[in-house]
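Throughout, protein chains are lettered first and strands after them, A, B, ... in sequence-line order, and every chain is numbered starting at 1.
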There are 2 protein chains.
Amino acid sequence: MSRPLPLLGQMMDRPLSIIALLQYAARCHATTEIVSRNCEGTIHRYGYGDAYARVQKLAHALVSLGVTPGDRVATLAWNNHRHFELYFAISGMGAVCHTINPRLAADQMAYILNHAEDKVLFVDPTFVPLVARLAGQLPRLQAVVVMTDRAHMPEAPAGFETLCYEELIEGQPQSYDWPELDERTASSLCYTSGTTGKPKGVMYSHRSTVLHAMAAGAAEGVGISGRECVLPVVPLFHVNAWGIPYACAMFGAKLVMPGPRLDGEGLHEMFEAEKVTITAGVPTVWLNLINYLRQSGKRLDMLKQLIIGGSAAPLAMIRTFEEEFGVPVAHAWGMTEMSPIGTVGTLKLADEGKPADERWLLKTSQGRMICMVDMKIVDPMGNRLPHDGKAFGELLVAGPWITSGYYENAEANAAAFDDDGWFRTGDVATIDPDGYMRIVDRAKDVIKSGGEWISSIDLENAVMGHPKVAEAAVIGVTHPKWDERPLLIVVPKPGETPTKDEILSWLSSRVAKLWLPDDMVLVDELPHSGTGKVLKAQLRQAFRDYALPTA
Amino acid sequence: MSRPLPLLGQMMDRPLSIIALLQYAARCHATTEIVSRNCEGTIHRYGYGDAYARVQKLAHALVSLGVTPGDRVATLAWNNHRHFELYFAISGMGAVCHTINPRLAADQMAYILNHAEDKVLFVDPTFVPLVARLAGQLPRLQAVVVMTDRAHMPEAPAGFETLCYEELIEGQPQSYDWPELDERTASSLCYTSGTTGKPKGVMYSHRSTVLHAMAAGAAEGVGISGRECVLPVVPLFHVNAWGIPYACAMFGAKLVMPGPRLDGEGLHEMFEAEKVTITAGVPTVWLNLINYLRQSGKRLDMLKQLIIGGSAAPLAMIRTFEEEFGVPVAHAWGMTEMSPIGTVGTLKLADEGKPADERWLLKTSQGRMICMVDMKIVDPMGNRLPHDGKAFGELLVAGPWITSGYYENAEANAAAFDDDGWFRTGDVATIDPDGYMRIVDRAKDVIKSGGEWISSIDLENAVMGHPKVAEAAVIGVTHPKWDERPLLIVVPKPGETPTKDEILSWLSSRVAKLWLPDDMVLVDELPHSGTGKVLKAQLRQAFRDYALPTA
Ligand SMILES: Nc1ncnc2c1ncn2[C@@H]1O[C@H](COP(=O)(O)OP(=O)(O)OP(=O)(O)O)[C@@H](O)[C@H]1O
Ligand SMILES: Nc1ncnc2c1ncn2[C@@H]1O[C@H](COP(=O)(O)OP(=O)(O)OP(=O)(O)O)[C@@H](O)[C@H]1O
Ligand SMILES: [Mg+2]
Ligand SMILES: [Mg+2]
């Protein structure tokens, strides 16, 4: 059946474009700074104007390396100015910027580079040894470029020839004739963290990236604007640093990048020196920062917003920042598949006047639904569950910056969408009538005990409030009567040896009796993924045959 | 030549949609209030949840009136909840919401209704008498609906039958099956103010409207969010109230609408009662508000942001709000053709530390360029002029929420675009290296004196700082030697009679000697357009034969 053409609006047909964000910044924020700590140990600073000049040269350099539109170009780098340049030059010329997590194991890294068929690899000097491990395994790769100048070039790893970034762009023409791209053109590629299985590739477009950057600039989102100074602790290889580099260019924010120094002291130094107002990162980096602040007596008074995401932020952490250091915290949830912003934990006007305990409760939720990210929770048959803050089920999402299919991965795609095309997050959640969403657990991590579901996240958050506990994980262990029962695995604070009784009695006033773990073990450390998440699958494997005292 | 298909991103293909904004608000801000003063004199309040329920009924009612996708449906109404409902129901069903300025002369109104071929007209009870004037002139119109309940229905104007809004939606089904629209579908129509000629129609799309709403929600834009309470003084018939209703739904802001009471007392009452944090309007309403505040000794302490746009905001007004009442002001510039946001006058991070006089100067600029609205200034041959803050020329713009052609107006379209498809604003401006844009004048209003251009706006702003002046306009009058020289037309404050000497000596320290007006006349009032702008063409006509003492 043919449909009559609708009456169209008469508005300019201008495609959303990544390079246009930087062109704007270069034009109107030429001297607004991008500051970064480099691998060479120095602080590099320049304005968006100079950054754009170098990006144009870099685009010519990419052409000289044989990169053409649609090619994948990989990066293996910290948050620094050259990495920022690559974001814009690669996507701007129509190629795909594929950021790789340097913390991946060698075999995972080889898998990803081959799966993406990356043509060129840009690598920070620090990570050249990682490349050495991949010798002979990357048949498609045509060039490796080390992101430094000649003076700092490390020796080429065995099996590779290397080019020098600064030499490559030196002498290239000053201006590049950017193609006008369809806004659905692929712009960048990022693989998931591999917490629950093999990393899967998500292919972003110019359209999704620009719309997502607008959400990051929304007062309702992260509030990035020309009046802010933003330091993404979250790496540029972790879902495009949550979109921050794009949003900073789009809104002309000062951008500060910490390079390799993500320790408390290194971060604090940059917060203070550059007067950072907005920052974002995962819970583990914030734990280190809190420890450093307490030890050193330092403050964070310039910060207006600190975003915690990537894993659940324990209440203790949120309160410490807000009450002890006066830093407003927003808990956020997202996924590689979602560019990543899904929810942001600012309170509504009507909630700001609520009693403190209610506010803290809302603050520990993963945040509120934002417009353009549709959410539903469903039961195992796919029926929608109410948004009453109590019913929980698998969370599905839909929206213009959400994946419509993993890159070249038919197997994963077969399971990833429901019949209406919504994406299955793999997270189990509640949503309340005001749109506050709370992750109960990953579907794979939830502990199924005699028909009841126990949230490992809730237990972990409660335990992490105990003064003797540094980190904690809870997994389900097979139980003859209950199917599964929780086992608590605790990393004590230095010098502390919490007992099982101590911890269970701490928990007993905080969670339902049926949720109390059947046993506790102390360990020196927990296994983490490249993005700092506890690898529960690995823990389950390690404790597979653990004999619970209750069994 | 056929181009190879680009590698596409794999992101969901979800069209930007106006009804989706309200669906979001209904879902996550069901109880966040929309408060309005109605024509009946009462305050109406409900949440986005109830608003959406009524919008669905209204869509059914539109269908019952024979409205189909692409049809134009006109409104003639104040800012109130029924007008808000019409915005979403009409656009949501695929029809075009055509807002009409009730302050237009009868012939202009008839011209616009016929030009748009409006099928149905929704009208506030207050404006029914205006409709009476159009009897026999609207052959296309099929129905007139009065926006009230049965009890308040006025008599039908001679020559029309009228329907009652509340009766029409009463008993309609509760849920409407919205069509999935291509995002370029026409959503709404607004005619320009008619300051310089016949009003011209601008046809917005769902895409342009949603992108523009995101810009209004940007911290860098107006900062509308779920933590704010927004009162648009700017009418819903003036470029969609600058996009505020859409942005409020999209970000879940409380929305307060003042209905017919735009006087200082009426506004202040609502600001205070509803704890408004953000407001926006044209200079004339703010003048009234300032007068009221001074007389009554009232304050505006809850306001976090006051936007002035539509005409140039004099420094005196900006300073009064900021210094006397502690309200942060942002000067903004836009056009019907631009949805309307073009620039917003917040200062950059780097400018906030500047000396007061430099900051005031920046604050009187029309604001900064924002991303997605490209701007250039050109000389009469169309050559680009530098962004140095000094060179001035006609301002041209391009971007996804800017018109690509007036609705059914080939004549206007022939002159409105340059060869690259940029839109000619008709304004003359400077742009500085940081993107601050300053309107020198409208091209038609600028005074051409012996090769030099004199800015009528600058002169007016300087004169309006004089304590005896209520309002002022400057026009060019023919001069035998200089081609044109400025004539100053002043409305004195009540009880004041400023002399020409007084005013010229006030001016002499503020503008170049060559700019000093050749004469001054006192008048009781200036002619204004429906949106409160001084009609310079009318003044030029009235003073066409004025004999300057210098001639
Ligand atoms: N604020 C948060 N609270 C709780 N969990 C979070 C939060 N933010 C993110 N997550 C978790 O992280 C997941 C998304 O992470 P990411 O895309 O980096 O890869 P991953 O899911 O860890 O790895 P993989 O999909 O390869 O197993 C979410 O599905 C959710 O489980
Ligand atoms: N902040 C401002 N300072 C100076 N002028 C402004 C400002 N905001 C808007 N304007 C003027 O208003 C114009 C846009 O107004 P609008 O679209 O309402 O119709 P109009 O231009 O007044 O009417 P018409 O185009 O029919 O003559 C701009 O081109 C500019 O001249
Ligand atoms: Mg995942
Ligand atoms: Mg105009």
Side-chain angles (χ1 to χ4, degrees), chain A residues 6-14 21 24 27-28 30 32 69-70 94 96 181-182 184-187 203-208 214 217-220 223-229 250-252 254 346-350 352 368-369 371 387 398-405 407 421 433-435, chain B residues 6-14 21 24 27-28 30 32 69-70 94 96 181-182 184-187 203-208 214 217-220 223-229 250-252 254 346-350 352 368-369 371 387 398-405 407 421 433-435:
Chain A
L7 180 70
L8 293 184
Q10 289 176 270
M11 290 281 125
M12 288 186 190
D13 201 8
R14 303 263 294 191
L21 308 183
Y24 165 76
R27 177 111 47 93
C28 298
T32 299
V96 177
L181 303 168
D182 183 302
R184 295 164 306 151
T185 303
S187 63
M203 188 67 89
Y204 310 104
S205 68
H206 286 258
R207 174 180 166 98
S208 69
M214 291 187 91
E220 182 77 354
I224 291 172
S225 84
R227 282 170 289 183
E228 309 298 343
C229 172
M250 177 164 210
F251 297 106
K254 178 174 170 184
T346 53
L347 298 189
K348 288 187 182 192
L349 190 57
E352 271 166 9
R368 288 192 285 125
M369 283 173 64
C371 194
H387 292 193
W401 55 80
I402 293 167
T403 182
S404 61
Y407 183 64
D434 290 327
Chain B
L7 179 69
L8 293 184
Q10 289 176 270
M11 291 279 124
M12 289 186 189
D13 201 7
R14 305 262 294 190
L21 308 183
Y24 165 76
R27 177 114 46 94
C28 298
T32 299
V96 177
L181 304 168
D182 183 303
R184 294 163 308 152
T185 303
S187 63
M203 189 66 89
Y204 310 103
S205 68
H206 286 258
R207 174 181 166 98
S208 70
M214 291 186 93
E220 182 76 356
I224 291 171
S225 83
R227 281 170 290 183
E228 308 298 342
C229 172
M250 176 163 212
F251 297 107
K254 178 173 170 184
T346 53
L347 298 190
K348 289 186 182 192
L349 190 58
E352 272 165 7
R368 286 192 286 127
M369 284 174 64
C371 194
H387 293 193
W401 56 80
I402 293 168
T403 183
S404 61
Y407 182 64
D434 290 325

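Neither the backbone nor the side chain of H206(B) has a heavy atom closer than 4.5 Å to any heavy atom of chain A. Contacts of P433(B) with chain A are made by backbone atoms alone, with heavy-atom separations under 4.5 Å and no side-chain atom involved. In this structure, chain B has heavy atoms under 4.5 Å from both the backbone and the side chain of T403(A). Proximity to chain A (any heavy atom under 4.5 Å) is shown, for T185(B), by both the backbone and the side chain.
Between the Y24(A) side chain and the M369(B) main chain, a donor and an acceptor come within less than 3.5 Å of each other. Under the 3.5 Å distance criterion, the side-chain polar atoms of E220(B) are matched with a main-chain donor or acceptor of G226(A).
Among the candidates C371(B), G399(B), A186(B), S205(B), the residue making the largest number of heavy-atom pairs closer than 4.5 Å to chain A is C371(B). With respect to chain A, the highest number of heavy-atom pairs below 4.5 Å among C229(B), G421(B), P400(B) belongs to P400(B). Heavy-atom pairs under 4.5 Å with chain A were tallied for L349(B), T346(B), V96(B), I224(B); the largest tally goes to L349(B). In terms of non-hydrogen atom pairs under 4.5 Å with chain B, the most contact-rich of C28(A), G435(A), P69(A) is C28(A). Heavy-atom pairs under 4.5 Å with chain B peak, among R207(A), H387(A), R368(A), at R207(A).
In this structure, M11(B) CE and W401(A) CH2 are separated by 11.5 Å, a value rounded to the nearest 0.5 Å. To the nearest 0.5 Å, atom CE of residue M12(A) and atom OG of residue S404(B) are 7.0 Å apart. For the atom pair CG of L8(B) and CG of L181(A), the computed distance is 11.0 Å after rounding to the nearest 0.5 Å.
Within 6.0 Å of CZ in R184(B) there are 12 or fewer heavy atoms belonging to other residues, nucleotides or ligands.
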Exercise. Could you walk me through whether K348(A) and R227(B) pass the side-chain contact (heavy atoms from CB on, under 4.5 Å) test, one step at a time?
Key: CA-CA 5 Å; K348(A) 288 187 182 192; R227(B) 281 170 290 183; over 6 Å; no
Self-check item: Test log, rule side-chain contact (heavy atoms from CB on, under 4.5 Å), inputs L7(B) and M203(A)
Solution: CA-CA 10 Å; L7(B) 179 69; M203(A) 188 67 89; 3.9 Å; yes
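Partners of L347(B) by side chain to side chain contact (heavy atoms under 4.5 Å, CB included), not counting sequence neighbours, listed by chain and number: D351(B), E352(B), R359(B), L362(B), K363(B), Y436(B).
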